[in-house]
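Just so you know, ligand 1 is whichever comes first in the structure, and atom 1 is the first atom listed for that ligand. All residue numbers in this chain count up from 1 along the given sequence.
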Amino acid sequence: MYNAIVSGTGSYVPEKRLTNADLEKMVETNDEWIVTRTGISERRVTEESESTSDLAYVAAKLAIEDAGLTAEDIDLIVVGTVTPDYQFPSVACQLQERLGCREVGSFDVNATCVGFVTALQVAEMYVKLGKHKHVLVVGADTLSKITDYTDRSTCILFGDGAGAFVLSRTDQFIENEGIIYSSIHSKGEHLEGLYVPNGGSRNPKNNTAEGPGIVMDGRKIFKLAVQSMSKTVTETLEASGYQKEQIDWIIPHQANQRIIEAVANQLNYPLEKVISTIKYYGNNSSATIPLAFDLSVKSGKIKRGDLVMQTAFGGGLVWGSLLMKY
Ligand code: UT7
């Protein structure tokens with residue numbers, strides 16, 4: 001058994017900003033409603049010519065550089081995404097070629113907004129068991145490509161972005177270093193609470209005027225989000241033997257500032273130690289956690305040795321959390 005430590009991080013968002021003022025011109029909404037109900041002021045969105053792999057590529061390259069490695073050092077590539085460039089091949093496979101990696105294994109994970117936590121857990125197993133030395137883990141999504149910009153209850157939330165970690169094996173096992181504990185869950189009965197009905201094998205016609213389009217029951221998902229993230233953080237604390245007072249930072253999936261605050265409240269955990277980047281990036285699905293993590297590391301907020309709890313939920317419903325010493 002070895003440790004799986006984060007040796008490098010990187011992130012990337014597209015240049016283009018979609019502000020609340022822009023949305024006011026597209027649907028019947030206003031800045032005050034969006035800010036008070038979601039905490040979001042703007043999101044980054046891709047140009048028509050940009051895709052998920054373009055964002056993932058830059059984030060991955062930065063993470064590999066940050067780890068002091070080259071693409072040739074990477075032994076496996078795992079990408080969490082629900083917006084791959086194509087039905088197949090995977091974004092991970094495209095990264096293998098674009099980054100110049102050896103002919104290593106690569107695959108995408110679809111676990112909606114828990115995509116990054118799930119991909120990281122998969123990588124954790126490979127690294128801890130000693131199968132691989134350096135695994136590239138990416139969370140990348142372009143939700144703007146599947147957002148219905150005539151639906152004011154969803155289009156105000158979503159954006160695009162990417163974040164990446166290099167997860168590396170230590171030479172010997174040291175208690176409670178790197179990833180300490182992770183868990184993922186699902187409950188498929190909530191499918192219609194948040195899903196993309198078109199474009200898959202059940203209803204393949206996605207070339208309608210509206211495109212594939214995310215469909216969501218906002219109020220239902222809100223409640224499930226608060227319950228599931230609070231529950232999984234508590235479970236992870238119990239399983240790892242840590243007290244919440246020992247945790248330096250919680251990074252929740254960035255879905256709505258009110259969800260983030262409700263989780264902090266439910267856990268009785270100080271809000272100033274809960275990382276929020278939603279104001280400037282909105283919800284970019286698998287990218288929210290690695291993007292928030294990388295920005296916090298680069299700004300000096302998260303430091304080496306800090307205990308960081310990631311927690312996420314997403315359409316399915318799926319949810320999970322991961323505790324690590326950075
Ligand atoms: O990765 C996970 C993704 N999803 C989520 O986490 C979403 C979770 N849910 C939410 O974030 C919130 O439910 C929303 C932000 C989607 C909606 O906020 P809410 O406080 O739950 O509002 P609501 O749906 O209860 O709607 C309240 C009112 C309604 O009007 P009436 O019926 O009271 O007259 C809506 O029609 O607000 C109206 N409304 C809007 N008004 C202005 C809904 N969207 C908008 C809008 N601008 N964009």
| remark: Quick note on ligand 1: atoms under 4.0 Å from a heavy atom of Ile221 include exactly 4 (N), 5 (C), 6 (O)
| remark: A student checking ligand 1 against His253 at a 4.0 Å heavy-atom cut-off should list atoms 1 (O)
| Sidechain N-carboxylate O distance under 4.0 Å for Arg43, Asp160 | no
| task | State whether the shortest distance between N or O atoms of Arg152 and N or O atoms of ligand 1 falls below 3.5 angstrom. | result | yes
| Does a salt bridge link Lys223 with Asp217, judged by any charged N lying under 4.0 Å from a carboxylate O? | no
| What distance separates Ser321 OG from Met229 CE, expressed to the nearest 0.5 Å? | 10.5 Å
| field | Which segment of Thr29 sits under 4.0 Å of ligand 1 when only heavy atoms are counted | value | both
| Taking Ile251 as the fixed residue, which of Val274, Thr311, Ile302, Ile260 is the one that meets the side-chain contact (heavy atoms from CB on, under 4.5 Å) rule? | Ile302
| field | Atoms in ligand 1 with a heavy atom of Ser153 nearer than 4.0 Å | value | 16 (C), 44 (N)
| query | Would you say Asn20's side chain and Ile40's backbone share a donor-acceptor pair under 3.5 angstrom? | reply | yes
| task | For atom 1 (O) of ligand 1, decide whether some protein heavy-atom distance is shorter than 4.0 Å. | result | yes
| message | Looking only at the side chains, is there a donor atom on one of Thr142 and Glu50 sitting less than 3.5 Å from an acceptor on the other? | response | no
| What is the minimum heavy-atom distance between Asp54 and Ser49, and which atoms define it? | OD2-O, 3.8 Å
| Heavy-atom closest contact (Thr118 atom, Ala111 atom, distance) | OG1-CB, 3.5 Å
| Among all protein non-hydrogen atoms, which one is nearest to atom 17 (C) of ligand 1, and what is the separation to 0.1 Å? | Trp33 CH2, 3.9 Å
| request: Just jot down the ligand 1 atoms closer than 4.0 angstrom to any heavy atom of Ala255, in number order. | output: 6 (O)
| query | Applying a 4.0 Å heavy-atom criterion (strictly less than), which segment of Asn283 is in contact with ligand 1: side chain, backbone, both, or neither? | reply | side chain
| said: I need the atoms of ligand 1 closer than 4.0 Å to a non-hydrogen atom of Thr38, numbered in the order shown. | reply: 15 (C)
| Numbered atoms of ligand 1 (with element) below 4.0 Å of Ile259, judged on heavy atoms | 6 (O), 8 (C)
| query | Where on Thr112 is there a heavy atom closer than 4.0 Å to ligand 1, on the side chain, on the backbone, on both, or on neither? | reply | neither
| Heavy-atom count around Arg304 CZ within 6.0 Å, excluding the residue itself: above 12? | yes
| Are any of the heavy atoms in Cys113 under 4.0 Å away from ligand 1? | yes
| message | Under 4.0 Å, counting heavy atoms only: does Ala225 come that close to any atom of ligand 1? | response | no
| said: Please report whether ligand 1 has a polar contact with Gly218, defined as an N or O pair separated by less than 3.5 Å (distance criterion only). | reply: yes
| said: Determine whether any protein heavy atom is located less than 4.0 Å from atom 27 (C) of ligand 1. | reply: yes
| said: Counting only heavy atoms closer than 4.0 Å, does ligand 1 sit against the backbone of Leu23, its side chain, both, or neither? | reply: neither
| task | Begin from the C-alpha positions of Asp248 and Lys325 and carry the test salt bridge (Lys or Arg N to Asp or Glu O under 4.0 Å) through to its verdict. | result | CA-CA 10 Å; Asp248 295 295; Lys325 188 186 270 186; over 6 Å; no
| note | Among Arg37, Lys220, Glu32, closest by heavy atom to atom 19 (P) of ligand 1 is Arg37
| At what distance is the nearest protein heavy atom to atom 7 (C) of ligand 1, and which residue and atom is it? | Met216 SD, 3.5 Å
| Got a protein heavy atom sitting under 4.0 Å from atom 32 (O) of ligand 1? | no
| query | Is the centre of the Phe165 ring less than 6.0 Å from the centre of the Phe293 ring? | reply | yes
| message | Could you check whether Ser182 and Glu124, counting side-chain N and O atoms only, form a donor-acceptor pair closer than 3.5 Å? | response | yes
| request: May I ask you to check whether Arg258 has an N/O atom sitting below 3.5 Å from an N/O atom of ligand 1? | output: yes
| task | Please write down residue, atom name and distance for the protein heavy atom closest to atom 11 (O) of ligand 1. | result | Asn256 ND2, 2.7 Å
| side chain to side chain contact (heavy atoms under 4.5 Å, CB included) evaluation trace for Leu136 with Leu99 | CA-CA 11 Å; Leu136 174 65; Leu99 290 165; 3.6 Å; yes
| remark: Only residue of Thr52, Thr81, Asp141 satisfying side chain to side chain donor-acceptor pair (under 3.5 Å) with Ser285 is Asp141
| request: Could you list which atoms of ligand 1 come closer than 4.0 Å to a heavy atom of Phe222? | output: 8 (C), 9 (N), 10 (C)
| query | With a cut-off of 4.0 Å, which atoms of ligand 1 are near a heavy atom of Arg219? | reply | 13 (O), 21 (O), 23 (P), 24 (O), 25 (O)
